[in-house]
Asks: 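Mind having a look at this structure? Questions to follow.
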Amino acid sequence: MGIKAALPRYELYLYTAVLAGAMIWAGSWIFEASSENVGRKAFKESVKPGWHYFGRKMDVADFEWIMWFSTFRNHILFALTGHVIFAKIFTLIAPKIGIDGCKHRSLIFGVYGGLAVLVTMGWTFMALILSHCIILYSVALVKWKSLCFAAGLATLASIKLEPYNSWQETLVTGSFDLQDILFYGGCGFTIMRCMSFALENCEKKDSSYTFSDLLKYNFYLPFFFFGPIMTFDRYHAQANNTKLTRKEREMWNITTKALLHLGIILVVDVFFHYLYILTIPSDMNLVTKLSDWCLAGLAYSNLVYDWVKAAVMFGVINTVATLDHLDPPQPPKCITMLYVFAETHFDRGINDWLCKYVYDYIGGDHDKIFKELLATICTFAITTLWLGPCELVYIWSFFNCFGLNFELWVAKLFSFPPFSTIEGVMGEAMSCRIHSVFNAANFWAIVLYNVLSLNSLEFAKLVGRRLIFKGFPLSTLSVLCVTYCGVQLVKERERQQALLDDLEPVKPVDGKEKAE
């Protein structure tokens, strides 16, 4: 199927109208369920008084969102703002004391990050982090990839499996609401960064990176606790780049993105006053009474919200990293734009890490079935360890691993006659329509396979039963029809973007870039 296969304009208008009507219809069901059940006992802990202006209660079921943008908002902003100001002050005074500020940027980032971690978590946590760094740095000097992987995964298992994780957690003194998240986030991301350092050191044939290189890489504060992960080769090259320039209108784009993130935060908070999409799925007695359209809307909106949360959280961090002249991993692709498992991820940093060191390394060009199977099994095995082994994670990993391989099996099957012959004689537009039928079903497989990790296995099973079995044929076909319309609109957007990319000339480096 050609990406440049254009559908008639009236057909796209019809798809837009159907999709918009369905979204409004499903949203009205969720709004009705939220309004009529706000007084339920099951809602007592997660639906609290909201903004006075709306006169409605607010869904506060997501601790991470409340932590980032309400309870600990000022603490996080203070730490990130301090990072930016500290770095800026150093770049201004460095020339006056005979120091090349650009050359030592990574050192300044690491010093501030290390001090911030020490003040926040205490010296015992700092000692624990340094012990992980020392162990994995020592292994990195051997320059044996298998040993680096084994040591890294064993260290990661030590903070994910009992009783080792509990023992390490007792080393951190003090008690505050963020302690668990900062402990596991700091340790987990540190180990993944150390593994990246070790594997990149294996590729450095003539010499080895220094321990200070690892510390400067690991203690970059914006990435330390919450990610995303930049692989060591990318960070080392960018943080040590002495030719610091800003592209034309780059500061304008940074400001625009920051204001956009602020706007999204406000919009999400407003929605939480009217649509209790996080609380409702936790009350299975209520969920069983809801309509099929309401269940479909809840499953879809939970995944969209999870993407929005990741996009905003990583977007705030990435804004700071961009100010530091870094090119951080971008936010994940929106669930609305996904119709294949190969592009499904909710953390682009972890995804890039896994692709570079595991998935692409083992799978090669990803066209051989058995190599692809081995690559996906290894990738999801490490992902399972990263997320924390438990029944729910096992199920999530199995189904997503199966979905990724099933896509390759189907693609291989349809590449042989008579399927390839039939597709060859039909027009590109018709081929696009046929592909989209299968993509619509695939979209809901992605939704069902991932919503269980956001809500519960019981909720995912109920949605699956209602949409596939009890709701057949009316609910099943109508939901697939709406999804088909959405997939076609996504493909049209991809087609237009592909045409723009083909027409866009490569801009030569000129005098429009300015030094900072």
Asks: If you define the side chain from C-beta out and look only at heavy atoms, does anything of R246 sit under 4.5 Å from H325?
Replies: yes
Asks: What do you reckon, is CE of M23 surrounded by more than 12 foreign heavy atoms closer than 6.0 Å?
Replies: no
Asks: Angle between ring planes, Y220 versus Y235, binned at 30° and 60°: parallel, tilted or perpendicular?
Replies: tilted
Asks: Between K356 and D233, is the closest basic N to carboxylate O distance under 4.0 Å?
Replies: yes
Asks: Ignoring hydrogens and geometry beyond distance, is a side-chain donor-acceptor pair present between H273 and D59 at under 3.5 Å?
Replies: no
Asks: Would you mind checking if E372 and K412 are paired as a salt bridge, meaning a charged N to carboxylate O distance below 4.0 Å?
Replies: no
Asks: Is there a donor-acceptor pair closer than 3.5 Å between any side-chain N or O of K143 and the backbone N or O of K204?
Replies: yes
Asks: Strictly by side-chain hydrogen bond (donor to acceptor under 3.5 Å, both in side chains), give each pair with a member in residues 144-155 just once, sequence neighbours left out.
Replies: K145-E203
Asks: Is the backbone N or O of K257 less than 3.5 Å from a side-chain atom of H261, with the two atoms forming a donor-acceptor pair by type?
Replies: yes
Asks: Please name the residue in the list W386, F225, F223 that meets the ring pair (Phe, Tyr, Trp, His ring centres under 6.0 Å) test with F189.
Replies: W386
Asks: Do I108 and Y112 have side-chain heavy atoms sitting under 4.5 Å apart?
Replies: no
Asks: Backbone N or O of Y339 within a donor-acceptor pair of the N442 side chain at under 3.5 Å?
Replies: yes
Asks: Does the side-chain contact (heavy atoms from CB on, under 4.5 Å) test come out yes or no for Y359 and N351, once each step is laid out?
Replies: CA-CA 9 Å; Y359 185 59; N351 182 74; over 6 Å; no
Asks: Do any N or O atoms from the side chain of Q497 and from the backbone of E494 form a donor-acceptor pair under 3.5 angstrom?
Replies: no
Asks: Just do the side-chain contact (heavy atoms from CB on, under 4.5 Å) check on M195 and Y357 with the steps written out, would you?
Replies: CA-CA 10 Å; M195 288 179 68; Y357 299 121; over 6 Å; no
Asks: Of all heavy-atom pairs between T376 and C401, which one has the smallest distance, and what is that distance?
Replies: OG1-SG, 3.6 Å
Asks: Between T231 and E200, is there a side-chain donor-acceptor contact under 3.5 Å, judged purely by atom types and distance?
Replies: no
Asks: Between the side chain of N241 and the main-chain N/O of A237, is any donor-acceptor distance below 3.5 Å?
Replies: no
Asks: Does a side-chain heavy-atom distance below 4.5 Å link L387 with K160?
Replies: no
Asks: Within a 6.0 Å radius of atom CH2 on W51, are there more than 12 heavy atoms belonging to other residues, nucleotides or ligands?
Replies: yes
Asks: For T483 and A440, work out which heavy atoms get closest and say how close.
Replies: CG2-O, 3.7 Å
Asks: Assess whether a salt bridge exists between R495 and E492, defined as any Lys/Arg side-chain N lying under 4.0 Å from an Asp/Glu carboxylate O.
Replies: yes
Asks: If you count heavy atoms of other groups shown closer than 6.0 angstrom to OH of Y184, is the number above 12?
Replies: yes
Asks: May I ask you to test the L130-L215 pair for a side-chain heavy-atom distance under 4.5 Å?
Replies: yes
Asks: Nearest 0.5 Å please: distance from the OH atom of Y394 over to the CZ atom of F398.
Replies: 14.5 Å
Asks: Quiz question: by atom type and distance under 3.5 Å, do the side chains of D213 and T210 form a donor-acceptor pair?
Replies: yes
Asks: State, to 0.1 Å, how close L278 and A61 come at their nearest heavy-atom pair, and which atoms those are.
Replies: CB-CB, 3.8 Å
Asks: I need the S106 OG to N240 CG distance, nearest 0.5 Å.
Replies: 4.0 Å
Asks: Are the side chain of H132 and the backbone N or O of T190 linked by a donor-acceptor pair below 3.5 Å?
Replies: no
Asks: Taking all non-hydrogen atoms of both residues into account, name the closest pair between L214 and C194 and its distance.
Replies: CD1-SG, 4.0 Å
Asks: Determine, for W307 and K333, whether the Lys NZ or Arg CZ falls below 6.0 Å from the six-membered ring centre while staying within 45 degrees of the axis.
Replies: no
Asks: Would you indicate whether the side-chain heavy atoms of F125 and C187 approach each other to under 4.5 Å?
Replies: yes
Asks: When the ring planes of Y209 and F197 are compared, do they come out parallel, tilted or perpendicular, using 30° and 60° as the limits?
Replies: tilted
Asks: For F224, does its backbone N or O pair with a side-chain atom of R193 as donor and acceptor, under 3.5 Å?
Replies: yes
Asks: Any non-hydrogen side-chain atom of E250 less than 4.5 Å from a side-chain atom of T322?
Replies: yes
Asks: Can you find a heavy atom in the side chain of D62 that is under 4.5 Å from one in the side chain of F272?
Replies: no
Asks: Does M230 offer a backbone N or O that forms a donor-acceptor pair with the side chain of Y217 under 3.5 Å?
Replies: yes
Asks: Under a 3.5 Å distance rule, please check whether Q238 uses its side chain to pair with a backbone N or O of H236 as donor and acceptor.
Replies: no
Asks: Would you say that more than 12 heavy atoms from the other residues, nucleotides or ligands in this model lie under 6.0 Å from the CZ of F271, or not?
Replies: no
Asks: Is there side-chain contact between N201 and F232, with at least one heavy-atom pair below 4.5 Å?
Replies: no
Asks: Quick check on F438: does its CZ atom have over 12 non-hydrogen neighbours (other residues, nucleotides or ligands) under 6.0 Å away?
Replies: no
Asks: Report the C-alpha separation of D306 and K309 in whole Å, then their side-chain angles, then the decisive distance to 0.1 Å, and conclude whether the side-chain contact (heavy atoms from CB on, under 4.5 Å) test is met.
Replies: CA-CA 5 Å; D306 193 64; K309 180 175 68 173; 3.7 Å; yes
Asks: Check the pair Y449, W444 against ring pair (Phe, Tyr, Trp, His ring centres under 6.0 Å), reporting the backbone distance first and the verdict last.
Replies: CA-CA 8 Å; Y449 292 172; W444 275 100; over 10 Å; no
Asks: Roughly how far, to the nearest 0.5 Å, is the CG atom of L260 from the CD1 atom of I265?
Replies: 10.0 Å
Asks: Answer yes or no: is there a donor N or O on one side and an acceptor on the other, between the side chain of T120 and the main chain of V117, under 3.5 Å?
Replies: no
Asks: Taking all atoms of both residues into account, what is the closest heavy-atom pair of L80 and P222, and its distance?
Replies: CD2-CA, 4.0 Å
Asks: What pair of heavy atoms forms the shortest contact from F314 to P332, and how long is it?
Replies: CD1-CD, 4.3 Å
Asks: Kindly indicate whether a cation-pi arrangement holds for K216 with F109, taking the cut-offs as under 6.0 Å to the six-membered ring centre and within 45° of the axis.
Replies: no
Asks: Between F226 and I181, does the side-chain contact (heavy atoms from CB on, under 4.5 Å) criterion hold? Intermediate values first, please.
Replies: CA-CA 9 Å; F226 303 109; I181 292 179; 3.9 Å; yes
Asks: Indicate yes or no: does D324 engage R105 in a salt bridge with an N to O separation below 4.0 Å.
Replies: no
